[in-house]
Amino acid sequence: MIYSPEPGEVVRLIIRKHWLLLAAPLLLLVIVLIAPFTMIPAYLGATFIDSLPVSDTVIVIFSIVWVMVIWCMIMQLWTDHHLDMWIVTNQRVIDVEQEGFFSRRVSTFRIHRIQDITIDISGFWNTLFNFGDIVVDTAGGQTGRFTMRDIFEPKAVKEAISRELDQTLTNERTS
Amino acid sequence: MLDLVFKGVGWVAIVAAIIYTLFLINTWVRYSFDGVGVATLGVHGLVMFVSISTLLTLINTL
């Protein structure tokens, strides 16, 4: 399990990077994957492979190794994208940074410690596809700044976190 | 001699793919928050199994 819920804690929102950040490199990898199988016959001729001084088995071995390497890169990309997230609960926000298989950073801050939420949508693609950064400042100075980059609809996420903050503060006042 | 080199390449690829798959399984089993992890490991496992089986067959025919 990625985190242990506290008593009464409910997950409100799971935020990941925009799908475009996954789709663009994925498309590139797919092109790289199929390029040798289409470009070699297209540019060097259909008989080029047959003219090589190696057996067909060797060519198939290299083709499979090529597919395996690109496939592993695709899986790495997908793992990075899917396991990199913000989990917003009714009590706290959990910031998970996944980088490859061996690097993982998990930070947590309490909702009631939030002081300021800033969103930043800058650039052509960001504006077109409505994704950007969200920065949350918490009580605790410079170390209390949390940034989630390239998330979809940062304005809606900001409003959702603000709603949770208001709810938490109201609950604290009444209790 | 050349066949021996290609057999070596094939075996290195198989060992690397198995180690890589184990690392991937370790990461997803530890950190997957939802059922997507099961689907990911299933698809990955299937592709790697087919690739490794084919490679094993091919390097034995060299």
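Note on naming: letters A, B, ... go to the chains in the order of the sequence lines (proteins, then strands), and numbering restarts at 1 for each one.
Heavy-atom neighbours of F49(B) CZ from other residues, nucleotides or ligands within 6.0 Å: at or below the threshold of 12. Shown here is R113(A), whose CZ atom has more than 12 heavy atoms of other residues, nucleotides or ligands within 6.0 Å.
Side-chain heavy atoms closer than 4.5 Å link hydrophobic residues (I, L, V, M, F, W, Y) into clusters, and following such links, possibly through other members, connects I94(A) to M85(A). The cluster map of Ile, Leu, Val, Met, Phe, Trp and Tyr, joined by side-chain heavy atoms under 4.5 Å apart, puts V50(B) and L41(B) in different clusters. Linking Ile, Leu, Val, Met, Phe, Trp and Tyr residues whenever their side-chain heavy atoms come within less than 4.5 Å places V29(B) and I19(B) in a single cluster. If you chain together hydrophobic residues whose side chains sit under 4.5 Å apart, V106(A) and I111(A) never meet in one group. L22(A) and F152(A) end up in different hydrophobic clusters when Ile, Leu, Val, Met, Phe, Trp and Tyr side chains are linked at under 4.5 Å.
The contact between S51(B) and chain A is made by backbone and side chain atoms together, counting heavy-atom distances below 4.5 Å. With a 4.5 angstrom heavy-atom cutoff, V12(B) does not touch chain A via any of its atoms. The parts of Q76(A) that come within reach of chain B are both its backbone and its side chain, each placing non-hydrogen atoms under 4.5 angstrom from that chain.
Of all residues spanning residues 57-71 of chain A, those with a heavy atom less than 4.5 Å away from chain B's heavy atoms are T57(A), V58(A), V60(A), I61(A), F62(A), I64(A), V65(A), M68(A), W71(A), arranged by number.
Atoms OG1 and NE2, from T40(B) and H82(A) in turn, are 6.5 Å apart once rounded to the nearest 0.5 Å.
The salt bridge (Lys or Arg N to Asp or Glu O under 4.0 Å) check on K158(A) picks up nothing, with sequence neighbours excluded.
Between Y20(B) and M73(A), the shortest heavy-atom distance links the atoms OH-N, 4.5 Å.
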- Query: Going through the checks in order, is the side chain to side chain contact (heavy atoms under 4.5 Å, CB included) test met by W28(B) and L83(A)?
  - Reply: CA-CA 8 Å; W28(B) 276 94; L83(A) 297 183; 4.0 Å; yes
- side chain to side chain contact (heavy atoms under 4.5 Å, CB included) between N26(B) and F101(A), intermediate numbers included: CA-CA 9 Å; N26(B) 180 57; F101(A) 295 140; over 6 Å; no
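Counting heavy-atom pairs closer than 4.5 Å to chain A, the top residue among V47(B), V9(B), V43(B), T21(B) is V47(B). Per-residue counts of heavy-atom pairs under 4.5 Å with chain A were compared for I52(B), T61(B), V36(B), I59(B); the largest is that of V36(B).
Here W78(A) and H44(B) keep their ring centres 6.0 angstrom or further from each other.
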